[in-house]
Each structure stands twice: as structure tokens, then as C-alpha cells.
Q: 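Structure incoming, see below.
Throughout, residue positions are numbered sequentially from 1 according to the sequence presented.
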Amino acid sequence: MYIRQNASNADFIVQGYKYTSKGNPCDAELILGGPGNGASTTDVKSNLTMQLKYWNGHNYQAIENAYNFGSDTAETISNANSQMDKNFPGVQITNGTGKLKMVYNQNELSYLNITAKYIIQGYVLANNYKTNFRNYAMNITLIPGEYNISIYSSYGQRISNFSVKLAAKQTYYKATENVYPVIFKAIGLINGTLWFINMNKLNLSSTDNEIVFYEKNGTYNYNISGLFGYSIKTRQAP
């Protein structure tokens with residue numbers, strides 16, 4: 001998309017209901033087609049999944065309605081068959097006879113809404129489906145089914161784990177038990193220096209200047225290593 005310099009109100013909202021000045025829908029599309037100028041191609045052999053996501057303020061979330069056609073390009077493809085992927089919300093494309101259709105819609109999906117208070121950023125594993133999040137919450141679109149859910153900090157510390165069975169059109173709400181960030185900062189380290197912290201039987205390491213643990217209220221011993229020639233000072237947050 002081209003935006004003229006110094007343009008005002010230069011937003012582009014993907015919503016699928018309004019049209020551009022050229023008559024194309026204001027939607028988002030992933031394209032399989034010819035190389036240009038309206039050319040067509042043929043799917044001889046394929047097995048891939050395409051997925052669109054949008055930013056919801058905490059994580060990238062799979063779209064809730066997907067079609068296997070669009071009108072924002074003149075290029076086309078033939079001998080392509082589209083179905084909803086069985087593992088996560090996306091469109092699986094294989095070679096074979098297909099037809100233009102809606103591949104899936106919001107009534108065929110499930111939703112996982114998790115509040116992880118005080119977790120600055122981390123990721124969720126829903127079986128093997130990974131979603132990064134930030135700012136204490138996440139909203140994930142999933143295929144109905146049984147899931148083992150694990151929530152981790154960005155340093156790989158597991159914060160919570162639970163299992164859930166999701167039905168179509170169901171939104172499952174979950175608030176994790178409160179844990180609080182314990183932030184270790186390294187000042188003056190040479191860039192790329194690897195340092196380690198052991199606390200509550202967990203070892204974390206980093207080459208950045210910060211390591212964050214998440215723990216329940218309590219008193220913990222810790223040990224710092226890898227900082228030869230540096231002194232260690234502690235202070236409580238105000």
C-alpha cells in the first residue's frame with residue numbers, strides 16, 4: 001500500500017465491508033496465483049496451510065472467517081482444493097478439484113481468553129500451537145477439541161498449566177494464579193556476556209541486561225554466576 005508523504009488520516013482498516021476507490025474490498029488476502037498481468041497457474045502438487053492473523057492488543061490472533069477466493073488481484077490458480085486445517089485455524093491447500101467457498105466461520109471455532117496478571121510478556125502452548133503475548137492477557141482462536149495449555153514467561157519459566165475441552169462457539173475464560181516479577185538487572189556488562197541466575201530450583205540465563213523470574217509471595221534464595229569481576233547489589237522496588 002502506498003501512502004503519500006504528509007497525508008492525514010492515513011489509516012487502512014481491514015474489515016471487508018467497504019470498498020476502495022477502485023472498487024476492491026478493504027480486506028486482507030493471501031494470494032496463490034500467476035506471476036502477474038492477470039496470469040493463471042495450476043496447482044500440480046501441494047500440501048500447505050495458509051493463515052491470517054490480526055493484532056488484538058496482546059497477541060496475534062487467527063481470523064474468525066476465511067474464504068478461499070478474493071478480488072484484489074487478477075491472477076488466479078486452478079486445480080486447488082481448500083479445507084480448514086485440522087490443527088489450528090487456517091486454510092489447508094492441496095492439489096485437486098475445488099470450488100469457491102467460505103472455508104470456515106466463527107461458529108466453527110473456539111476461543112481461549114486468558115488473564116495472566118503481572119506477566120509482562122511470554123507465550124502460550126495450546127498442544128503444539130504457540131502464541132506469543134504481552135501485557136498480561138491473551139485471546140486465542142482455536143479449533144474445537146481437547147488442549148493441554150501451558151503458559152510461559154519470555155524466559156521459558158512455566159507459569160501455569162491446565163487442560164480444557166473446547167466446543168464450537170465456546171469462549172473459555174481463565175485467570176492464572178498471581179505470580180509477581182522478580183527483576184534482575186545487570187549494569188555495565190559487556191554486550192553479549194552470558195550470565196546465570198538460580199532461584200527456587202530454576203536456572204535462567206541471558207546475554208541481555210535483564211532476567212525476570214515470576215514467583216508467588218515469599219522469601220527465596222538465589223545465586224548469580226557468570227559475572228566475574230562484577231559486584232552484586234540488591235534493592236526492593238518502591
Q: Does the side chain of Leu194 come within less than 4.5 Å of Ser205's, by heavy atoms?
A: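 In short, these two side chains touch, coming nearer than 4.5 Å.
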Q: Taking atom CD1 of Ile140 and atom CE of Met138, what is their separation to the nearest 0.5 Å?
A: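 One gets 6.5 Å once the value is rounded to the nearest 0.5 Å.
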Q: Run the side-chain contact (heavy atoms from CB on, under 4.5 Å) check on Met50 and Leu32 step by step: do they pass?
A: CA-CA 10 Å; Met50 303 175 73; Leu32 289 176; 3.8 Å; yes
Q: Please test Ile120 against Tyr214 for side-chain contact (heavy atoms from CB on, under 4.5 Å), starting from the C-alpha separation and ending with a verdict.
A: CA-CA 10 Å; Ile120 302 169; Tyr214 290 91; 3.4 Å; yes
Q: Rounded to the nearest 0.5 Å, what separates atom CG in Leu100 from atom OH in Tyr67?
A: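 Nearest 0.5 Å value for the CG-OH distance: 12.5 Å.
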Q: Checking the side chain of Asn209 only, and the main-chain atoms of Lys185 only, is there a donor and an acceptor separated by less than 3.5 Å?
A: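 No, because the side chain of Asn209 does not come within donor-acceptor range (under 3.5 Å) of the backbone of Lys185.
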Q: Roughly how far, to the nearest 0.5 Å, is the CE atom of Met199 from the CD atom of Gln157?
A: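 Rounded to the nearest 0.5 Å, the CD-CE separation comes to 7.0 Å.
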Q: Considering all heavy atoms of both residues, which atom of Asn107 and which atom of Ala168 are nearest to each other, and what is their separation?
A: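 Looks like O-CB, 3.5 Å.
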Q: Would Thr73 and Glu75 satisfy side-chain contact (heavy atoms from CB on, under 4.5 Å), going step by step from the backbone distance to the final call?
A: CA-CA 6 Å; Thr73 181; Glu75 288 71 49; 2.3 Å; yes
Q: Side chains of Ile114 and Phe162, heavy atoms from C-beta outward: is any pair under 4.5 Å?
A: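 Counting from C-beta outward, Ile114 and Phe162 do come under 4.5 Å.
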Q: Is there side-chain contact between Pro89 and Ile143, with heavy atoms separated by less than 4.5 Å?
A: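 Yes, at least one pair of side-chain atoms sits under 4.5 Å.
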Q: Any donor-acceptor pair under 3.5 Å linking the side chain of Lys101 with the backbone of Ser82?
A: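 The answer is yes, because a donor-acceptor pair under 3.5 Å joins these two groups.
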Q: Are Tyr220 and Ile197 connected, step by step, through hydrophobic side chains (Ile, Leu, Val, Met, Phe, Trp, Tyr) whose heavy atoms are closer than 4.5 Å?
A: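 In one cluster: yes.
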Q: When you measure from the side chain of Trp55 to the backbone of Gln61, do you find a donor-acceptor pair of N or O atoms at a distance under 3.5 Å?
A: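 Such a contact is absent between Trp55 side chain and Gln61 backbone.
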Q: Any chance the rings of Tyr129 and Tyr147 have centres within less than 6.0 Å?
A: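 Between Tyr129 and Tyr147, the centre distance exceeds or equals 6.0 Å.
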Q: Is a side-chain donor-acceptor pair under 3.5 Å present for Ser150 with Asn161?
A: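 Side chains of Asn161 and Ser150: pair found under 3.5 Å.
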Q: Is a side-chain donor or acceptor of Asn127 paired with a backbone partner of Asn148 at a separation under 3.5 angstrom?
A: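 Looks like yes, one N/O pair under 3.5 Å.
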Q: Of the non-hydrogen atoms in Ala80 and Ile93, which two are nearest, and what is the gap between them?
A: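 Minimum heavy-atom separation between Ala80 and Ile93: CB-CG2, 4.3 Å.
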Q: Verify the cluster assignment for Ile183 and Ile224: are they in a single hydrophobic cluster under the rule of side-chain heavy atoms below 4.5 Å apart?
A: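 In one cluster: yes.
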Q: Tell me, do Ser153 and Val212 make a side-chain contact under 4.5 Å, heavy atoms counted?
A: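 Of all side-chain heavy-atom pairs linking Val212 with Ser153, none is under 4.5 Å.
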Q: What closest approach, in Å, do Gln51 and Leu30 show between heavy atoms, and which atom pair accounts for it?
A: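 Minimum heavy-atom separation between Gln51 and Leu30: O-CD1, 3.6 Å.
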Q: Tell me whether Asn191 at atom CG has more than 12 heavy atoms from other residues, nucleotides or ligands lying less than 6.0 Å away.
A: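 No, the 6.0 Å shell around CG holds no more than 12 heavy atoms from other groups.
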Q: Nearest heavy-atom pair of Asn59 and Ala137: which atoms, and what distance?
A: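 Of all heavy-atom pairs spanning Asn59 and Ala137, the closest is OD1-O, 4.5 Å.
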Q: Give, for atom CG of Asn139 and atom OG1 of Thr115, the distance between the pair rounded to the nearest 0.5 Å.
A: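 It comes to 9.5 Å.
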Q: Same cluster or not: Ile31 versus Val14, using hydrophobic residues (I, L, V, M, F, W, Y) connected whenever any side-chain heavy atoms lie under 4.5 Å apart?
A: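 Ile31 and Val14: separate clusters.
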Q: Between the side chains of Gln170 and Ser110, is a donor N or O closer than 3.5 angstrom to an acceptor N or O?
A: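 Absent: no donor and acceptor within the cut-off.
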Q: Checking the side chain of Asn47 only, and the main-chain atoms of Thr94 only, is there a donor and an acceptor separated by less than 3.5 Å?
A: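 It does not hold such a pair.
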Q: For the atom pair CD1 (Ile211) and OG (Ser154), what is the distance rounded to the nearest 0.5 Å?
A: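 Between Ile211 CD1 and Ser154 OG, I get 11.0 Å after rounding to 0.5 Å.
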Q: Hey, is the main chain of Tyr136 close enough, under 3.5 Å, to the side chain of His58 for a donor-acceptor pair?
A: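 No, because the side chain of His58 does not come within donor-acceptor range (under 3.5 Å) of the backbone of Tyr136.
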Q: Looking at CZ of Arg134 and OH of Tyr123, how far apart are the two atoms once the value is rounded to the nearest 0.5 Å?
A: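 Interatomic distance, Arg134 CZ to Tyr123 OH, rounded to 0.5 Å: 16.0 Å.
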Q: Are Thr49 and Asp85 close enough that a side-chain donor and a side-chain acceptor fall under 3.5 Å?
A: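 Yes, Asp85 and Thr49 have a side-chain donor paired with an acceptor closer than 3.5 Å.
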Q: Compare all side-chain heavy atoms of Val179 with those of Glu215 and state whether any distance is below 4.5 angstrom.
A: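 No, too far: nothing below the 4.5 Å cut-off.
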Q: Between Tyr54 and Ile63, does a side-chain contact (heavy atoms from CB on, under 4.5 Å) hold up when you go through it step by step?
A: CA-CA 7 Å; Tyr54 64 95; Ile63 61 171; 4.2 Å; yes
Q: Show the nearest heavy-atom pair for residues Val91 and Ala66, with the distance to one decimal.
A: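 It is CG2-CB, 4.1 Å.
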Q: Would you call Asn132 and Tyr60 a side-chain contact if the rule is heavy atoms closer than 4.5 Å?
A: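 Result no, sub-4.5 Å side-chain heavy-atom pair not found.
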Q: Applying the 4.5 Å side-chain criterion to the ILVMFWY set and letting contacts propagate, would Val164 and Val124 be lumped into a single cluster?
A: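 Same cluster: Val164 reaches Val124 through Ile, Leu, Val, Met, Phe, Trp or Tyr contacts under 4.5 Å.
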Q: Would you call Val44 and Asn79 a side-chain contact if the rule is heavy atoms closer than 4.5 Å?
A: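 No, too far: nothing below the 4.5 Å cut-off.
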Q: Ignoring hydrogens and geometry, is there a side-chain-to-backbone donor-acceptor pair from Asp43 to Gly96 under 3.5 Å?
A: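 No, Asp43 side chain to Gly96 backbone: no donor-acceptor pair under 3.5 Å.
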Q: Looking only at side chains, do Asn105 and Asn65 share a donor and an acceptor under 3.5 Å apart?
A: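 Note: Asn105 and Asn65 side chains miss the donor-acceptor criterion.
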Q: Please say whether more than 12 non-hydrogen atoms of neighbouring residues, nucleotides or ligands are located less than 6.0 Å from CD in Glu177.
A: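 No, not enclosed.
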Q: Treating Ile, Leu, Val, Met, Phe, Trp and Tyr as nodes and any side-chain heavy-atom pair under 4.5 angstrom as an edge, say whether Ile159 and Phe133 lie in one connected cluster.
A: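 Ile159 clusters together with Phe133.
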Q: If I compare all heavy atoms of Gln83 with all of Val103, which pair ends up nearest, and what's the gap?
A: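 Reported closest heavy-atom pair: C-CG1, 3.5 Å.
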Q: Is there side-chain contact between Tyr155 and Phe213, with heavy atoms separated by less than 4.5 Å?
A: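 No, too far: nothing below the 4.5 Å cut-off.
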